[in-house]
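Remember, it's a predicted structure, so these values are computed and weren't measured experimentally. Remember, it's 1-based here, ligands and their atoms both numbered in the order they're listed. Both backbone and side-chain heavy atoms feed into the values below; hydrogens, waters and symmetry mates do not.
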Amino acid sequence: MFINGEWVEARSGQTRDIINPYNQAVIAKATEGQVADMQEAIAAARHAFDHGPWPQTPATDRGKIVQTIADFIQRDKAELAELESLDTGKTLEESRGDMDDITAVFRYYAELADKDGAETLDPPIANATSRVVREPVGVCGQITPWNYPLLQASWKLAPALVAGNTLIMKPSEITPLSSVKVFELMEEAGVPRGVVNLVLGSGNTVGAELSAHQDVDLISFTGGIETGKRIMQAASSNMKNIALELGGKNPNIVFADADFETAVDQAMNAVFFHAGQVCSAGTRLIVEESIHDALVKELVERVRKIKLGDGFDETTQMGPLISAEHLNKVRRYVETGRKEGATVAVGGERPDDPELNDGFFYLPTVLTDCTTDMDVVQEEGFGPVITVETFSSEDEAVKLANDSIYGLSGGVFTNDIGKAERCVKKMRMGTVWINEVNFYFPQAPWGGYKQSGIGRELGKVGLEEYTETKHIYQNLKPGPVNWFG
Ligand SMILES: NC(=O)c1ccc[n+]([C@@H]2O[C@H](COP(=O)([O-])OP(=O)(O)OC[C@H]3O[C@@H](n4cnc5c(N)ncnc54)[C@H](O)[C@@H]3O)[C@@H](O)[C@H]2O)c1
Ligand SMILES: C[N+](C)(C)CC=O
């Protein structure tokens, strides 16, 4: 762990085995922080914010350091990508792509660092000035999930740093390796002592302490909805600013006039990429009735050909699930679907290839005959499972798409641009794609409607999350007002 500029072990001496989900090999022993370690890290971040140089450092200089971090991530891209694939099981090609995305995020915020000039207002009385400035929020707690360990971390680290905050990051306890490496890079880049702190350990101990602690001013969390609710409750103890990036159950509407090839190909990308362990996975395929049979037939044929395997094998297209616990959750999820009346068109079990026996693999699965009242259509399974529903009118398609407690993202495939625009206008989601799925980039805000979260990451708004707004008013001709005579 990295606390107050030093690399330290947990005081308790406890460790946790980090497991490769492809073969269950122990790839590292991570130190397992406890509440006392977290308290020490929070004290360091508090001291660095209240008394250290970082919040007063010119924004241009903070931007230069964040730019250097980006340079180091590119320099060490191959090592970082390998750590990410070892930890998560995702393919190396995907991890390399993640590292480029992460670099782009650091560069984007580095360049934005000194662009936020104050806003001048024209006050409603003479002889006065008025301006609005943005200042750092203070000490930020940042909690990240296991599916995109470093990508989700970058969305929090880069804006927090350029805005002049200090922070404590708690990565998922099962995928800490790439975060450890990036803290080494931040140290090398010259981030001052105490500004960035890394505490490893479980959510119920160190995560809960970070969310509830009185010296933390903001908590930014990416993860599941139930954890998000707990964090929101804990954060209320001192009215922390909160940003929550939670789950999704994302619809993908395919109209009969869509380009068939593209729609089938993208329906697969939407849900089988990273074995469906993506918050914005297009898990609910909503297909116009007239093309349902043809589309399902094509989908099933292609799904059968997806090559499962080791993320380090360049021919692998889909890796394992993250853990035995998660594999069991996905199995139970599909069983629920079966009991509810869904038909397993393909998949629905573990692969029988003996080479995949030790990994947490589950076959890519298509469930047909689904209706919106089924749990399998409403709950986030977070695995390689797609449900198929049908519609016969534009209104019905939108109604089905919106029938969810979630509102993270959604897609529409059609060649009729008017129809596409009418649909996306009515879709209650933070990101909607037309003839595309799962595309994100640093300039575009990301976040959820409804129970998919609060606040936005990325874009200018993702930087604003890490600032407080201050209004400064000056009377240029002070004198008594004689209100009280
Ligand atoms: N909206 C997004 O951008 C986005 C991105 C990635 C993942 N996700 C969501 O993340 C979920 C999968 O990730 P996960 O299984 O790691 O989520 P999770 O909620 O189980 O854990 C996320 C993090 O929270 C910590 N945590 C657990 N209990 C805690 C507590 N009581 N207090 C504080 N911290 C606690 C965990 O240790 C981990 O670091 C999915 O629901 C997925 O949709 C959302
Ligand atoms: C936000 N995203 C799509 C990068 C990862 C979600 O799990």
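Of the candidates Gly247, Gly248, Cys279, the one placing a heavy atom closest to atom 6 (C) of ligand 2 is Cys279. Closest to atom 2 (C) of ligand 1 by heavy atom, among Ser323, Cys279, Ala234, is Cys279. Taking each of Ser409, Gly207, Ala281 in turn, the one with a heavy atom nearest to atom 34 (N) of ligand 1 proves to be Gly207. Proximity annotation for atom 9 (C) of ligand 1: of Gly447, Ser202, Gly223, Gly223 comes nearest, heavy atoms only.
The distance from atom CG of Leu151 to atom CE of Met99, rounded to the nearest 0.5 Å, is 8.0 Å.
In terms of N/O distances under 3.5 Å, ligand 1 is approached by Glu380.
Counting heavy atoms under 4.0 Å from ligand 1, residue Ile143 touches it through the side chain alone. Only side-chain heavy atoms of Trp155 come within less than 4.0 Å of ligand 2; its backbone N, CA, C and O stay farther off. Only the backbone of Leu246 comes within 4.0 Å of ligand 1, counting heavy atoms alone; no side-chain atom from C-beta on gets that close. Contacts between Gln152 and ligand 1 below 4.0 angstrom, taking non-hydrogen atoms only, involve the side chain exclusively. No part of Ser280 comes within 4.0 Å of ligand 1, judged by heavy-atom distances.
Those atoms of ligand 1 with a heavy atom of Ile231 less than 4.0 angstrom away are 32 (N), 33 (C), 34 (N). Close approach of ligand 1 to Gly224 is summarised as follows: ligand atoms under 4.0 Å from at least one heavy atom of the residue are 10 (O), 11 (C), 17 (O), 18 (P), 19 (O), 41 (O). Atoms of ligand 1 lying under 4.0 Å from at least one heavy atom of Trp146, given by number and element, are 13 (O), 14 (P), 15 (O), 16 (O). Against a heavy-atom cut-off of under 4.0 Å, Gly247 is close to the following atoms of ligand 1: 41 (O), 43 (O). For ligand 1, the atoms sitting less than 4.0 Å from at least one non-hydrogen atom of Asn147 are 6 (C), 7 (C), numbered in the order shown with element in parentheses.
The nearest heavy-atom contact from the protein to atom 3 (C) of ligand 2 is Ser280 OG, 3.4 Å. The nearest heavy-atom contact from the protein to atom 2 (N) of ligand 2 is Gln152 OE1, 3.5 Å. Of the protein's non-hydrogen atoms, Leu151 CD2, 3.2 Å is the one closest to atom 4 (C) of ligand 2.
Atom 15 (O) of ligand 1 is approached by the protein to below 4.0 angstrom, counting heavy atoms only.
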